[in-house]
Structures are given as structure tokens and as C-alpha cells.
Amino acid sequence: MSGILEHLNEPQREAVTTIEGPVMVIAGAGSGKTRALTHRIAYMIEQGINPFSIMALTFTNKAAKEMKERIMQLVEPGAARNVWMGTFHSIFARILRIEAASLGYTSEFTIYDTDDSKTLINTILKEREIDTKAYPAKYILHRISMAKSALYTPEDYCDNAEIQEQDRRANKPLIGEIFKTYNARLKRANAMDFDDILFNTNVLLRDFPDILYKYQCHFQYILVDEYQDTNYAQYLIIKRIAAMHENICVVGDDAQSIYGFRGANIQNILNFKIDYPEQKLIRLEQNYRSTKTIVKAANSVIANNKDQIKKTVWSDKEEGELITLLRATSDNEEGTLVANSIFGYKMSRQLEYKDFAILYRTNAQSRSFEQALRKQDIPYKIYGGFSFYDREEVKNVLSYFRVVINPTDEQALKRIINYPARGIGDTTWRKLQVIADQRKCTIWALLTSLNEQSSEFNMGTINRLRDFVTLIQSFQTLINKMNAFELAKHITDSVGIIKLLKEEDTIESQNRIQNIEELLNAISEFSDKQVDEVTGEQINIDLPKFMEDVALITDQDQKDDENADYVTLMTIHNAKGLEYPYIYIAGLEENLFPGIQSLSTREDLEEERRLFYVALTRAQTKLILSYAESRYRWGNITLSEPSRFIEEIDPNLIERTRKASFRGTTIKEDRGYNPFSGRGAWTFSGDKRYESSQRSQSASRTQEAPKTSYPKASASDFVFADADEIQVGMRVLHQKFGQGTVVKVEGVGPNKKASVDFDEGGNKMLMLKFAKLSILKQ
DNA sequence: GATTGTGCCCTTTTT
DNA sequence: GGGCACAATC
């Protein structure tokens, strides 16, 4: 037998060799899940299974790439390359491009990213004269996304009494209608948003039996990684394709389900048993990654969750060091403490910077760490947050490519039709929109049909529009004549974007030029990398090919320089699936982690706790937790309390030394409060004129006792209020609007709002989630 | 129609 | 503290 089965424990070997029939692998953190998956695929190939018939769905493109590389080390690399491996989105976008015609798209359809979708929503709102304050694009998009993930059409959405009731209660009854228009616009633009990729794949497999049959025959073996994070749409795709052979292996860990907010459904794990009664269940419970201390800590935390599949993750590595807890007085000090700590460990233990990662809950927290690391000349790299492809200039250039390939792509068209400025402004664009709507045609169709007789526009505008059309058409004729890089370069040159930026001649514009050059380099590199899998010849890659999954590329996918030595910074979500010897988990404060938005329901809090579990289990050797007693949020200093999650770790596993001690007492004594009574951060007003009288003793540790300048009541007469406590008739203090009287309260939970008549400044409707109100004691 | 100014609201997490 | 949307002004 080959070496593939060596160095596997018993359950792992079972997961690797059970290749026929449905298999569910419940894999605890660090239990060699990736190892099992890669070896399984290698084993299948070695058994003579055609790699093309294997579909392996991963959570990120990076994970797919890494798994491929690992499989290549086990079997003949050429074979490994032929496995269909990638994210749900990239694999099914690929299939949708092949089958686009069946669904009424062309294979050049554009994939809209969240930004495009948001802009489109806002356009629709403006057209319908709907108040964007009452209907935030982000919220609408979230509702639509959840609907699509659950396979609701706009019509289903409007017909569903429960959904309608929810929207009505949230004061947003128009969402269904907006959804309808939004989808119609996407279709008109020959575009899909992220959720459409999964939605439309389901439609394809549901309505076209011959196509379903084709892919059922094709994909005889299906593997799904991170199964706990799949949503209903993904679940059903898998179920449909796997129906013929039922050779399906899903791998997941309910304790690491952290994407509920985007529709992931742990239920999928439970459904597996029902859908495939003859399933084989394999549990990987031995953790090879972390010390006993770390595993015990993680277990003690997750035990607080009610929803979980029982399992026992254990480690037979050494006990390891205790967990260190760092207490900082401010977010900046937290940065410094962490940077010092990293430097200290690196020096005293002969480590490299790449042995360290700093994890946090929100991207905004990276700032203080960047500052501190830079100050100490510690190299670092941030993953996530603003992606290269999110940059304005990059988007503009990509929009040119998008329009050239798919001229009905309205979001891209809108972006570039007047960039660089060519006298086609907002008024003209709106006119175009209206006419296209009337004629039920695309804007591009309208543009190409304009002639001198078109009475809608004046002569000058018509000429400018026609010049633009000619420009785009001239690029279109080159698609098949030039490779991706040549055409991209040609377009950026002839449009004059670089020239425009050069004239601007600021540091900012020079940066932008560099980014555009970097984009062109990426295209060049992409073209060079594409090699025919059979002949080994280099394939000439055209621009449409490059653009195919640009929208699906994320920063996480960029290759790591193996030799580079830097500290890694990222959100915990981004850290999923990764491991580092030294892990710092920062910002362990109430209202930050767990986040304020997760406190209202048990389910949300439990997801937050799973997130903490994921963070803890990234560590191999040593965990360092930190929190700050105050931090800048929304430009104000906010005081905060240590996270309840710290308490949930078995206290015997934490060392309290140095600044880490809670002022020499135990955590319990320090915090003595009921976790569900009036918790909350104390926010100082922007001008620092008041503080909460509640626990003012601790508040004044970091802040001078401020003087009030309010005439009727002094600051100490106010007590910070939780949203639940606000009632009609109360006198309240707002950090900006001053004093007022509550006249109306509506909404529930995080959506609770209050209408307040302010003494100066009139009536305001405030989201209590954000407006930090204090109540006048009476 | 473009550019600059001002106020407002905001911070989860991501394919 | 910052980004975005709308307003004012040239």
C-alpha cells in the first residue's frame, strides 16, 4: 500500500478510504481535517478514479489552492490539477457560464460585488423616491441576500406572510418591491450578484433535467469542506448533484459555525442524517494542533453553548504554557503591549515574526496594532478589510473591462461613462435611465441606437455619447485579437487614465498609478500562468477569461511569500482554517467581543462564542488574550469592561502576571455584576462634558472628572441607559442634541427607536442601538 | 456640469 | 475619525 495511508490515525484512515457512499466527518478543531481531505482525494486518484469526476468544494479559493498543492505532493501533480476544486461560487460560476443561455444570460455575464449591488439598490431607491434613511441599502441587501440564500424569488418574498410581517414591523414594507426591481435590473444588465450564483445554479439544476443529468454523471464524487457554513442554497445544489451516485463526503464542525449572519445553517449537518440514512459518521476528535491547555480552554468556553453536537476534543501534546491575559488602559496601549510581547517572545525564544498572529473581532481594530508595530519596526501584514480590488482606481479600470466584455453591465457603465470627464453628467445619465426604462431596453442598446434625429438629447450630448460608444466598440473588436494583458494595457492607455492621474501629480495620484500598474501586472501574470492541462502549452488568455472570476478573488487568496517574515493581522473570520504558534486575541471586551449586536438573542451570542472558540483553537503553542479599558469608537472615548468570554475559560488555565492581573483581584470580584443588567459601555460626549455617574469611580481612572455646562441638570444627574430602559415621558440626555423628552418608542431589540423632542434642536428619531442616551434621575 | 463644502451616520463578521 | 450623500457655488 502506498504512503498515502501512513501517518493517519484510525478515524482519519476511515475517512480517507470510505470513498463510496455518504460520509459525514465531524472534525474537531485541529483534528487533521485538511489532512484527511487531501489524503482522501489523493487516495481516490490512486485508486484510479478520474480526477475530473471529483468535485471538492472549499470555503475560500486559498484553501482550494493549498489543498491542491498538498495533493500534488501525494500523487502525480497533473492528475491533482484536474480535480474540480474551488469555492461554491467559483465552481458554479464556471458552470453557469457554460450553461448561461438556458437561463437567459450570456456567458459573459458580470458578477456584481457587494458594492455594485449597494449602488444599484440606492439607484432604485432614488428613482422611487424612497428615503434612503428609512431604507438603508445595506439592510435591504441583507434581507435580499437571506431570501436568495433560502431560495426565495422576489415573488415568493412578497407572498410570504411571515416575511411581509417582519418587514412591516421593521417599518420597511417596500423591500419586496425593491427586491423585484433589483432582480429585474440585474437581469437586464446580464449580471448576477453573489447569491444569484447559487440561486441560479439551483434553478438550472431544477428546471433542466438534461443539464442536471449531465453534471450528475460528471461529478461522481463530491466533497464539501466547512459544511457547517453552507446555506440552504448550497445544501440543495449538493443534494441535487449527488443524488445519482450518493458518493458524498461532507466535513465540518458545528462548534466552528460562524457564518450564520450570512445564512449558513447548521441544520444542514443534521439534515445529512435524514437525507442519507445509510451515512457513515466519522468523528475526528484528537487535536494535533494545540497544547492541552489550549484545548481545555477552548472546551471550557464552548461548553457554555446549548446548541452543540457532543464531542470530546482532546490533545496528547504537552500541557503547555498557561494563557496570558493582558490588560491595557486604552486601545493604543493594547497595541503597544501586544507589540512588546511579540518582540519579547521573538527575542527570548528565537522565534520568527511569522509565528505570530493578532486576531480581532472587527477590521477597525487593526489601527492601534499597525501603529504600535510600525513604531517598533516589526513587519506585519493585514489580511482582509479593504481589498486591492476595492480601490477606486482599480474599480474604474476594471469597469472599462467589464463594459467592453458585457456592455449591458450598467453599474460599470455608470462608473466610466464620465470618467475621465467627457461631459456626460448626472442629468444625461438619469435621462438615459428613464428612456431605457420606458423602452424596456438596456442603456447600451439605447446608446448604440442614438443618431442625429434623437430628439431626447441636444446635439452636443449626442455627439459625446456617440464618441463614447465608438471608443468602447473599438475595444470590443480587439477582444479576440489581443491577449488579456495587451488589451488591458491598450484600454488604459487610450482612455488616458494614467495620463489624467499623472497630471494630478499628488502623492495620492501616484499611488493610484502604481495600483493600476499592479493590476496590469496581475493580468500579465495570470496570462503567463495559464497552461494547457493536457499539452502543457501556454494558452493565450483573453481579457474575458481574466475577468471571469475577478469578482470572486479576495485578498485572502493572494499568495503568501513563504520566505517573508511578518506578523499576521486579521479578523477571526479570516483566520478560520489557519494556525499559528502564538495567537493574540485582542479586544476582549463587552460590546465589542461579544459585539453589542449579538447580545439580544441566545443564538447570536452562541455564534459569537463559537467565533471565540475558533480564535482560541488557532493557537498551537501559546495564547495571549488582551483587552482595553477604554477605546476610541466613533471618534469618542468609550469605556469598556472585560469580555464575559474571559470568565468562561477555566481560570486555572490563565496566568495573571504583569499588567494582566485585574488589579490584584480575581476577575469575578472585579466585575461583580449581573451579566444581563444594564451592561454597556460608557460613552463620553464628543466634547467630554459629561460622564455616566454609574461606576464613575472606575470611569475617572482614565478621564478627568468633567464639568457640566448644562443649565438644568448636572451630568451626574444622568445615568447611562440601556435601550430597554427608555420609556415615553423620560427626560434624557443625548451627547449631541442635549436634553429632551421621549415622546414615542417603537421597534424591538436592536431596531428599537425613540422619538425625542429635544429642548434645542427639535424632534429626532434615534436608533437606540447607536444613540447613547442617559436618563435623568428623578 | 464640476468642484468644494457640510452634516450625518456609522462599525460586525464575507463569498 | 472617516466616508458618503446632498447642498451650495462657480
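Below, chains carry the letters A, B, ... as their sequence lines are ordered, and counting in each starts from 1. Please read these numbers as outputs of a predicted model, since none were measured by experiment.
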What is the distance from [atom1] of [X] to [atom2] of [N], rounded to the nearest Å?
| X | N | atom1 | atom2 | result |
| --- | --- | --- | --- | --- |
| Q228(A) | dT14(B) | CD | P | 16 Å |
| Y613(A) | dT13(B) | OH | P | 24 Å |
| Y389(A) | dT14(B) | OH | C1' | 17 Å |
| R610(A) | dT12(B) | CZ | C1' | 15 Å |
| H573(A) | dT11(B) | NE2 | C1' | 14 Å |
| I417(A) | dA2(B) | CD1 | C1' | 17 Å |
| L198(A) | dT14(B) | CG | P | 18 Å |
| D131(A) | dC8(B) | CG | C1' | 13 Å |

- For the residue pair L616(A) and A298(A), what are the closest heavy atoms and their distance?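 Taking L616(A) first and A298(A) second, the nearest heavy atoms are CD1-CA, 3.9 Å.
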- Please report the shortest heavy-atom distance between Q256(A) and Q228(A), naming the atom on each side.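 Scanning both residues, the minimum pair turns out to be O-NE2, 3.6 Å.
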- Task: For this output row, return yes or no: ring centroids of F59(A) and H89(A) closer than 6.0 angstrom.
- Result: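 Between F59(A) and H89(A), the centre distance exceeds or equals 6.0 Å.
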Nearest to the side chain of [X] - [options]?
| X | options | result |
| --- | --- | --- |
| Q597(A) | dT15(B), dT13(B), dT12(B) | dT12(B) |
| T87(A) | dG1(B), dT15(B), dT13(B) | dT15(B) |
| T60(A) | dT15(B), dA2(B), dT11(B) | dT15(B) |
| K138(A) | dT15(B), dA2(B), dT12(B) | dT12(B) |

- Neighbour count >12 (heavy atoms, 6.0 Å) for atom OH, Y152(A):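 It does not: Y152(A) OH has 12 such atoms or fewer within range.
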OP1 or OP2 of [N] versus the side-chain N and O atoms of [X]: is any pair under 4.0 Å?
| X | N | result |
| --- | --- | --- |
| T428(A) | dG1(B) | yes |
| T427(A) | dG1(B) | yes |
| N231(A) | dT15(B) | no |
| N574(A) | dT14(B) | yes |
| N591(A) | dT12(B) | no |

- Message: Taking 5.5 Å and 30° as the limits, would you call F261(A) and the base of dT13(B) a stacked pair?
- Response: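 Base of dT13(B): stacked against F261(A).
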- Mind checking the P distance from dT13(B) to dC4(C)? Whole angstroms is fine.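 Rounded to whole Å, the distance is 15 Å.
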- Item | Spacing of the C1' atoms in dT11(B) and dC6(C) (rounded, Å) |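 After rounding to an integer number of Å, I get 23 Å for this pair.
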- Message: To the nearest 0.5 Å, what is the distance between CG on N183(A) and CG on D196(A)?
- Response: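 Reported value, rounded in 0.5 Å steps: 5.5 Å.
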- Beyond-backbone contact of L465(A) with F468(A), side-chain heavy atoms, under 4.5 angstrom: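 A side-chain contact is absent here, since even the closest heavy-atom pair is not under 4.5 Å.
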- Message: Checking side-chain contact (heavy atoms from CB on, under 4.5 Å) between T571(A) and each of N363(A), T362(A), I382(A), L359(A), which is the one that passes?
- Response: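 When N363(A), T362(A), I382(A), L359(A) are each tested with T571(A), the side-chain contact (heavy atoms from CB on, under 4.5 Å) holds only for N363(A).
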- For the pair K414(A) and D116(A), find out whether any cationic side-chain nitrogen is under 4.0 Å from an anionic carboxylate oxygen.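 Salt bridge flag = no for D116(A) with K414(A).
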- So does E410(A) pair up with R402(A), basic N to acidic O under 4.0 Å?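 Salt bridge absent between E410(A) and R402(A).
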- Query: Quick one: is the NZ or CZ of K62(A) closer than 6.0 Å to the six-membered ring centre of Y383(A), and within 45° of its axis?
  - Reply: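 Yes.
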Would you indicate what [X] reaches in the nucleic acid, counting non-hydrogen atoms under 4.0 angstrom: base, sugar-phosphate, or nothing?
| X | value |
| --- | --- |
| F88(A) | nothing |
| D195(A) | nothing |
| N418(A) | sugar-phosphate |

- Which sits closer to the 5' end of DNA chain B, E608(A) or F59(A), going by the nucleotide each is nearest to?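 Upstream on the strand: E608(A).
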- Quick one: on DNA chain B, does T362(A) or K133(A) contact a more 5' nucleotide (nearest heavy atom)?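 Nearest-nucleotide comparison on DNA chain B picks K133(A).
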Under 3.5 Å between N/O atoms: give me all the protein pairs with nucleotides 8-10 of chain C, atom names plus distance.
none

Detail all sub-3.5 Å separations between protein N/O atoms and N/O atoms belonging to nucleotides 1-5 of chain C.
unit_1, atom_1, unit_2, atom_2, d
dG1(C), O6, W634(A), O, 3.3

- Going through the checks in order, is the side-chain contact (heavy atoms from CB on, under 4.5 Å) test met by K68(A) and M85(A)? CA-CA 8 Å; K68(A) 249 185 192 179; M85(A) 192 177 282; 4.0 Å; yes
